[in-house]
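Structure record follows, encoded as structure tokens.
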Protein chains: 2
Amino acid sequence: MQLAEGDNHMVNQKWLLTFMSLAETRHFTLTAEKLHMTQPGVSQHIHKLEAQLQTPLLHRYGKQFELTLAGEKLYAYGLQAQALHTELAQSIELDDPLQGQCRIACSGALAMYLYPFFLNYQSRHQGISISLEAAPNQNIINDLLENKTDIGIVTQEQFSEQLTQTYVGEQALQLVLPKQYENENISFDFLNSLGFINHPDGFHFLEKVLKANNFSDYKNRENVHIKGYINQLSQILSPVSKGLGYTVLPASAVAQFESVDMLSIAALEFKVSEKLYLTKKRHRELPARYQWFEQKIKDLLGN
Amino acid sequence: MQLAEGDNHMVNQKWLLTFMSLAETRHFTLTAEKLHMTQPGVSQHIHKLEAQLQTPLLHRYGKQFELTLAGEKLYAYGLQAQALHTELAQSIELDDPLQGQCRIACSGALAMYLYPFFLNYQSRHQGISISLEAAPNQNIINDLLENKTDIGIVTQEQFSEQLTQTYVGEQALQLVLPKQYENENISFDFLNSLGFINHPDGFHFLEKVLKANNFSDYKNRENVHIKGYINQLSQILSPVSKGLGYTVLPASAVAQFESVDMLSIAALEFKVSEKLYLTKKRHRELPARYQWFEQKIKDLLGN
DNA sequence: CATCATCAAAACAATAAGTTATGATTTATT
DNA sequence: AATAAATCATAACTTATTGTTTTGATGATG
């Protein structure tokens with residue numbers, strides 16, 4: 001084992017403890033007694049520290065000493081390190097349900113719907129910090145597997161041994177058209193002539209609507225005419241409201257659009273909806289603070 | 001050596017390092033290679049940590065695992081501890097003259113005079129934090145000896161081997177009377193009839209004036225009539241300005257009083273002044289940030 | 001189902017730490 | 001000023017701790 005020159009190692013905390021006691025008592029022998037060791041032990045600890053940090057920690061004069069600058073810095077470091085450790089010990093013992101970061105990932109539509117409720121909760125409990133990530137299904141799954149998020153809400157059942165899923169409700173999908181086609185008889189050909197405004201989950205949603213037999217002139221795997229793509233949820237409906245195309249979105253996302261009166265929702269013979277699954281990592285225990293979020297999600301999405 | 005139950009000891013940082021690497025790689029063997037140790041060593045480190053913290057750190061399932069809550073907290077702790085240590089290593093290497101706390105102690109009069117200059121410096125260098133303590137001479141000496149302050153300005157020479165002193169200038173002492181006695185012929189009897197307004201250094205100052213042979217009717221150890229006491233420097237001159245008594249103060253303190261025009265300064269035949277000594281602990285090296293302060297004090301007080 | 005990979009356990013070797021004994025200075029006392 | 005007491009440093013030695021080797025059980029992989 002070769003010893004690296006610029007030592008990577010952290011300060012040995014036994015030596016540090018000895019040094020701190022020495023800095024407080026200013027007395028080797030007293031320190032030794034306090035720490036139930038012998039005086040030469042104290043000397044050795046200090047020397048080892050000085051060797052490791054490559055700088056003297058004590059200005060010795062006669063049998064007395066003062067701390068050097070490095071010594072004072074080391075002492076200050078020791079105090080901080082002790083405080084940090086105390087904090088750790090405390091935090092391990094209790095799992096405060098109103099303290100800490102909560103990482104949740106879901107679709108943009110759900111994020112817009114859920115976020116106000118979460119923020120309200122956060123404003124009542126300042127110790128809570130919320131990190132809500134809007135992302136496509138597959139990214140959510142990956143983030144969960146890599147421990148980058150803790151709770152995910154996805155629309156597809158996953159068959160990974162690593163994950164657990166619970167059904168929490170479903171969201172209706174709506175076929176959204178410009179207002180001007182409100183009473184139009186909608187066919188797949190008509191939609192294709194208008195053009196599809198795509199978004200992260202757009203194609204998946206559209207496929208569900210099409211495969212539900214809502215259009216007699218649609219055959220599987222037929223080409224869809226795509227007129228644009230936007231991944232900002234709040235802006236997906238803009239081109240639709242201006243007559244530039246159609247799209248498919250969850251009802252909750254449509255309802256939040258500022259100019260809903262510029263849109264029309266096509267009446268579908270076969271209603272289409274997406275099941276929502278609250279997804280977590282199977283072998284991972286979540287802190288108590290997540291309980292409120294799980295319950296709230298079930299309450300808000302359940303039907 | 002008996003082992004305490006509620007362990008006082010901090011987390012062994014070698015074990016911690018192993019744990020952190022394991023948390024990152026999620027792989028015992030890989031961690032062992034990375035840290036130039038063997039796989040059983042990694043296992044042992046984790047077990048020792050779990051024993052010390054009295055809680056499992058890993059949820060094991062098959063040959064895989066997830067961190068428990070305690071595990072995640074320990075990991076977060078490790079990150080902070082590493083950051084702290086990096087900070088230490090950097091701070092030991094360099095002695096930033098514009099960063100850190102500066103502790104200075106002096107008399108109230110000097111504090112009022114010096115503080116504005118210090119604050120101006122601090123406002124130009126936000127990393128500097130100033131702690132200026134106004135205290136009597138003896139307290140300043142004690143604070144120095146106990147490392148509670150770093151620079152002291154005192155008016156008396158100390159003969160402690162522990163201290164070094166350098167003369168930095170002197171301050172004239174003024175006998176301050178109510179305006180109405182401006183042209184009065186001042187005798188000790190007259191002063192006694194008026195009454196002395198005492199303050200922390202008041203008696204010491206008065207004694208210097210009296211012992212300088214300024215009053216033919218004063219004999220040593222004669223009783224002084226004390227009319228009041230106040231230890232807020234800015235308020236000492238209030239009773240004087242209202243005609244209630246006299247006092248002795250350094251010229252700099254008198255000049256700062258808001259209603260100087262309500263006061264008169266007695267013309268003394270034998271001028272009296274106090275020598276000022278910048279005092280530090282002999283064997284103690286001060287950080288570079290103190291250099292500016294020492295120079296500024298010399299500049300401001302030198303004559 | 002066989003092979004490989006991974007983690008755990010026990011026995012042992014290597015390393016590190018702490019203690020005793022001793023020496024050199026300094027401080028306190030007479 | 002001389003002597004005694006106290007304090008810290010050094011070296012040799014003992015003990016404790018740590019890490020490795022060897023071996024074994026269990027789960028993943030083709």
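When reading the values below, keep in mind they use all heavy atoms of this one structure, side chains included, and skip hydrogens, waters and symmetry mates.
- Within residues 26-35 of chain A, the residues having any heavy atom closer than 4.0 Å to DNA chain D are, in order of number, A/His27, A/Phe28, A/Thr29.
- Spacing between atom CD1 of B/Ile46 and atom P of C/dA9 amounts to 13 Å, rounded to whole angstrom units.
- Under the ring-ring contact (aromatic ring centres under 6.0 Å, His included) criterion, B/Phe19 pairs with no residue at all, not counting sequence neighbours.
- Every salt bridge (charged side-chain N to carboxylate O under 4.0 Å, His left out) that A/Glu294 has, sequence neighbours left out, goes to A/Lys280.
- OP1 or OP2 of C/dA8 has at least one side-chain nitrogen or oxygen of B/Ser43 nearer than 4.0 Å.
- In the helix from C/dC1-D/dG30 to C/dT30-D/dA1, the rotation axis of the first five pairs and that of the last five pairs differ in direction by 30°, rounded to 10 degrees.
- In terms of the side chain to side chain donor-acceptor pair (under 3.5 Å) criterion, B/Glu285 has no residue partners (sequence neighbours excluded).
- Regarding A/Met37, its CE atom lies at a distance of 14 Å from the C1' atom of C/dT20, rounded to whole Å.
- Note on B/His45: a side-chain N or O is less than 4.0 Å away from OP1 or OP2 of D/dG19.
- Atom-to-atom, NE2 of B/His283 to C1' of C/dT26 comes out at 13 Å; the value is rounded to the nearest Å.
- The distance between atom NE2 of B/His47 and atom P of C/dC7, rounded to the nearest whole Å, is 12 Å.
- Distance, B/Leu49 CG to D/dG19 P: 12 Å, rounded to whole Å.
- Using a 4.0 Å cut-off, no side-chain N or O of A/Arg60 falls inside it from OP1 or OP2 of D/dT7.
- The salt bridge (charged side-chain N to carboxylate O under 4.0 Å, His left out) pairs that include a residue from residues 81-109 of chain A are A/Arg103-A/Asp150, where partners are two or more places apart or lie in different chains.
- A/Lys63 pairs by the salt bridge (charged side-chain N to carboxylate O under 4.0 Å, His left out) definition with nothing, not counting sequence neighbours.
- Per the geometry, CD belonging to B/Glu50 stands 13 Å off C1' belonging to C/dC7, to the nearest Å.
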_A/Glu66 vs A/Arg26, test: salt bridge (Lys or Arg N to Asp or Glu O under 4.0 Å). Steps then yes/no._
CA-CA 8 Å; A/Glu66 289 287 343; A/Arg26 308 263 151 174; 3.3 Å; yes

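- Around CD of A/Gln291, the count of heavy atoms belonging to other residues, nucleotides or ligands within 6.0 Å does not exceed 12.
- Projected onto DNA chain C by closest heavy-atom contact, B/Gln44 and B/Leu22 fall at different nucleotides, the more 5' of which corresponds to B/Leu22.
- Applying the salt bridge (charged side-chain N to carboxylate O under 4.0 Å, His left out) rule to B/Glu24 yields no partners; only residues at least two apart in sequence or on another chain are considered.
- Across every non-hydrogen atom of A/Asn147 and A/Lys281, the tightest pair is OD1-NZ, 3.2 Å.
- In this structure A/Lys211 satisfies the salt bridge (charged side-chain N to carboxylate O under 4.0 Å, His left out) test together with A/Glu207, sequence neighbours excluded.
- For A/Asn12 and C/dA17, the shortest distance from a side-chain N or O to OP1 or OP2 is below 4.0 Å.
- Neither OP1 nor OP2 of D/dT18 sits under 4.0 Å from any side-chain N or O of B/Lys14.
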*asked:* So if I define the base as every atom that isn't primed, P, OP1 or OP2, how would nucleotides 23-30 of chain D read as a B/S/- string at a heavy-atom cutoff under 4.0 Å?
replied: --BBS---

Which pairs of donor and acceptor atoms, one on a side chain in residues 137-145 of chain A, lie under 3.5 Å apart (sequence neighbours left out)?
residue  : atom : partner  : partner atom : Å
A/Asn137 : OD1  : A/Thr155 : N            : 3.1
A/Asn137 : ND2  : A/Thr155 : OG1          : 2.6

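- Rounded to a whole Å, the NE2 atom of A/His36 is 18 Å from the C1' atom of C/dA17.
- Looking at residues two or more places apart in sequence or on another chain, you find a ring-ring contact (aromatic ring centres under 6.0 Å, His included) between B/His283 and A/Tyr61.
- Of the candidate nucleotides D/dT18, D/dT22, C/dA17, D/dT18 has the atom nearest to the side chain of B/Trp15.
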